[in-house]
Amino acid sequence: MRTTQGSENWAVEFIQADGEKRETRDGFASRDDAEYFGQCEWAGPGGRGVGEVRIRQLPRGQWHPVEPASVCGAIRL
């Protein structure tokens, strides 16, 4: 099995409830890392007003929706 440490670059995009793009963060080493970050940020206090979170592999990957989390870091939200 081949590991791709640092070779993947995933981005997380937060979209406000009114459809405006709010913020994009990149540099995540894996899809799981990006999805986990998006879920936790969305579920936390900073996620107010966020209507959608999606992730993609850079530079030209397809956007994938992220479901909101009900548990983040073993803490029920």
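- Distance check: Asp32 CG to Ile55 CD1 gives 8.0 Å after rounding to the nearest 0.5 Å.
- Checked against ring pair (Phe, Tyr, Trp, His ring centres under 6.0 Å), Phe14 has no partners two or more places apart in sequence or in another chain.
- Residues meeting the side chain to side chain donor-acceptor pair (under 3.5 Å) test with Arg25, sequence neighbours left out: Glu23.
- Summarising the hydrophobic clusters (Ile, Leu, Val, Met, Phe, Trp, Tyr; side-chain heavy atoms under 4.5 Å, direct or chained), the residues clustered with Ile15 are none.
- Within the structure, salt bridge (charged side-chain N to carboxylate O under 4.0 Å, His left out) contacts touching residues 45-70 (residues at least two apart or in different chains) are Glu13-Arg54.
- Asp33 places no side-chain N or O within donor-acceptor distance of the main-chain N or O of Phe28, the cut-off being under 3.5 Å.
- Of all non-hydrogen atoms in Asn9 and Gly27, the two that sit nearest each other are OD1-N, 2.8 Å.
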What do the steps show when you test Arg22 against Val50 for side chain to side chain contact (heavy atoms under 4.5 Å, CB included), and what is the final call?
-> CA-CA 8 Å; Arg22 177 175 157 187; Val50 172; 2.6 Å; yes
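- Evaluation of the side chain to side chain contact (heavy atoms under 4.5 Å, CB included) rule for Gln62 yields His64 as partners, not counting sequence neighbours.
- Nearest heavy-atom pair, Val12 versus Ala34, reported as atom, atom and distance to 0.1 Å: CG2-O, 3.3 Å.
- Residues Trp42 and Tyr36 do not share a hydrophobic cluster, clusters being chains of Ile/Leu/Val/Met/Phe/Trp/Tyr side chains in contact below 4.5 Å.
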